[in-house]
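This is a predicted model, so every value here is computed, not measured.
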Amino acid sequence: MTVLAAAQAAGQLLLGRKPGSLFGSDPFGLELGVLANEAALAIAEYHDWQKLKILKTEPGNGVAIAFNLPTDYGRMLKKPVIHSSTWRNANYRQARDEDEWIYLQDTNISGTPGVWIMLGGQLQIFPPMPASENARYYYISNKLVATSDGAAGSKASFTADGDAFVLSERLLKLALMWRWRSLKRMEYSEDLTNYEIALAEEVTKDRPRPPLVAGRQRVPTEASMAYPGTIVP
């Protein structure tokens with residue numbers, strides 16, 4: 001389903017008419033076009049969708065601590081983890097804030113394998129990774145829009161009537177309905193409820209089920225192994 005088809009389905013239910021284009025001169029169509037881009041971004045931000053997850057590998061060289069983000073970078077996962085290719089039982093720890101980041105560099109007690117932070121539009125990792133080390137992480141792509149149904153995302157926003165949403169078209173239609181009524185200061189609570197129910201259903205379908213474990217769980221799911229070496233004062 002194209003973005004125009006989703007908007008036409010919403011328009012038929014809202015006003016009993018279908019806009020001919022979202023990027024022409026029809027005020028109704030133009031409104032739905034703007035709302036479609038807002039809705040698509042909000043849906044993408046709500047959940048770490050499998051279709052938008054991309055694995056990125058940053059190789060070390062023993063010097064660099066700052067790495068440019070991918071060109072299609074949207075955001076990190078809601079629970080970001082940066083994996084070490086060398087320390088299999090330990091991951092890079094996220095610095096609490098910029099002050100801790102400075103402190104760890106000044107004192108050189110960042111731990112193993114190190115810490116990371118987002119600064120200046122870059123991923124920064126300290127201490128510098130050796131040439132034998134890679135850092136790997138998943139991020140959410142900002143390519144929410146495809147130029148045709150079924151294709152992978154190729155751009156960040158709708159710019160043509162034939163563009164397609166890479167996530168749920170039904171969600172997009174329901175989002176357009178409540179957002180348009182909200183824009184017009186009309187009652188939209190029922191439309192919002194329908195959208196929220198559909199959103200929860202899509203998240204449930206998208207999220208992989210955790211494995212069933214028999215007996216007592218000895219290690220929490222998100223726990224990391226302790227430092228495997230010996231700390232000498």
[X] and [Y] ion-paired at < 4.0 Å:
X	Y	result
Asp48	Arg75	yes
Arg17	Asp26	yes
Lys184	Glu31	yes

Check for a donor-acceptor pair, side chain of [X] on one end and backbone N or O of [Y] on the other, with a separation under 3.5 Å.
X	Y	answer
Asp206	Glu202	no
Glu100	Arg96	yes
Glu187	Ser189	yes
Asn37	Ala40	no

What's the spacing between [X] [atom1] and [Y] [atom2] if we round to 0.5 Å?
X	Y	atom1	atom2	answer
Leu174	Ser168	CG	OG	8.0 Å
Asn61	Glu58	CG	CD	10.5 Å
Tyr195	Lys173	OH	NZ	13.5 Å

Step by step, would you call Ile140 with Lys53 a side chain to side chain contact (heavy atoms under 4.5 Å, CB included)? CA-CA 5 Å; Ile140 297 297; Lys53 286 182 183 177; 3.9 Å; yes
I need the minimum non-hydrogen distance between [X] and [Y], along with the two atoms involved.
X	Y	value
Gly29	Pro19	CA-CB, 3.7 Å
Leu77	Pro80	O-CD, 3.2 Å
Ala44	Leu52	CB-CD1, 4.0 Å
Arg136	Ser85	NH2-CA, 4.0 Å
Leu30	Gly24	CD2-O, 3.4 Å
Ala66	Gln122	CB-OE1, 3.5 Å

Do the side chains of [X] and [Y] join up, straight or via other hydrophobic residues, at under 4.5 Å, putting them in one cluster?
X	Y	value
Ile54	Met76	yes
Tyr73	Leu123	yes
Leu15	Leu4	yes
Leu183	Leu172	yes
Met129	Leu69	yes

Parallel, tilted or perpendicular, judged at 30° and 60°: which one describes the rings of Trp101 and Phe126?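 Ring orientation of Trp101 relative to Phe126: perpendicular.
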Can you classify the ring geometry of His47 versus Trp49 as parallel (below 30°), tilted (30 to 60°) or perpendicular (above 60°)?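 If you compare the ring of His47 with that of Trp49, the planes turn out perpendicular.
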Evaluate side chain to side chain contact (heavy atoms under 4.5 Å, CB included) for Leu104 paired with Ile109, printing each intermediate quantity in order. CA-CA 6 Å; Leu104 292 174; Ile109 56 172; 4.3 Å; yes
Would the Tyr92 and Trp87 ring centres measure less than 6.0 Å apart?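 Between Trp87 and Tyr92, which both carry aromatic rings, the centre distance is not below 6.0 Å.
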Show your working on side chain to side chain contact (heavy atoms under 4.5 Å, CB included) between Met177 and Leu14 and close with a plain yes or no. CA-CA 7 Å; Met177 292 178 65; Leu14 289 169; 4.3 Å; yes
Is any side-chain heavy atom of [Y] closer than 4.5 Å to one of [X]?
X	Y	result
Leu41	Glu45	yes
Ile125	Phe67	yes
Tyr139	Leu55	no

If we check side-chain contact (heavy atoms from CB on, under 4.5 Å) with Leu176, which of these qualifies: Leu35, Leu13, Leu171?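 When Leu35, Leu13, Leu171 are each tested with Leu176, the side-chain contact (heavy atoms from CB on, under 4.5 Å) holds only for Leu35.
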For Arg181, I'd like to know if atom CZ has over 12 heavy atoms of other residues, nucleotides or ligands within 6.0 Å.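 It does: Arg181 CZ has more than 12 such atoms within range.
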Please tell me whether Trp116 and Gln124 have a donor and an acceptor in their side chains that are separated by less than 3.5 angstrom.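 There is no such pair between these side chains.
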Would you say Asn134 and Thr57 are linked by a side-chain donor-acceptor pair, where the criterion is simply a distance under 3.5 Å?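 Short answer, no.
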Take Phe28 and Trp180, measure what ring pair (Phe, Tyr, Trp, His ring centres under 6.0 Å) needs, and give me the verdict at the end. CA-CA 10 Å; Phe28 183 45; Trp180 187 84; 5.5 Å; yes
Check step by step if side chain to side chain contact (heavy atoms under 4.5 Å, CB included) holds for Trp178 and Asn194. CA-CA 9 Å; Trp178 80 259; Asn194 292 336; over 6 Å; no
Without placing hydrogens or testing angles, list every side-chain donor-acceptor pair under 3.5 Å for residues 155-163, not counting sequence neighbours.
residue, atom, partner, partner atom, Å
Lys155, NZ, Thr159, OG1, 2.6
Lys155, NZ, Asp163, OD1, 3.1
Lys155, NZ, Asp163, OD2, 2.8
Asp161, OD1, Ser21, OG, 3.4
Asp161, OD1, Leu22, N, 2.9
Asp161, OD2, Ser21, OG, 2.8
Asp163, OD2, Thr159, N, 2.8
Asp163, OD2, Ala160, N, 3.0

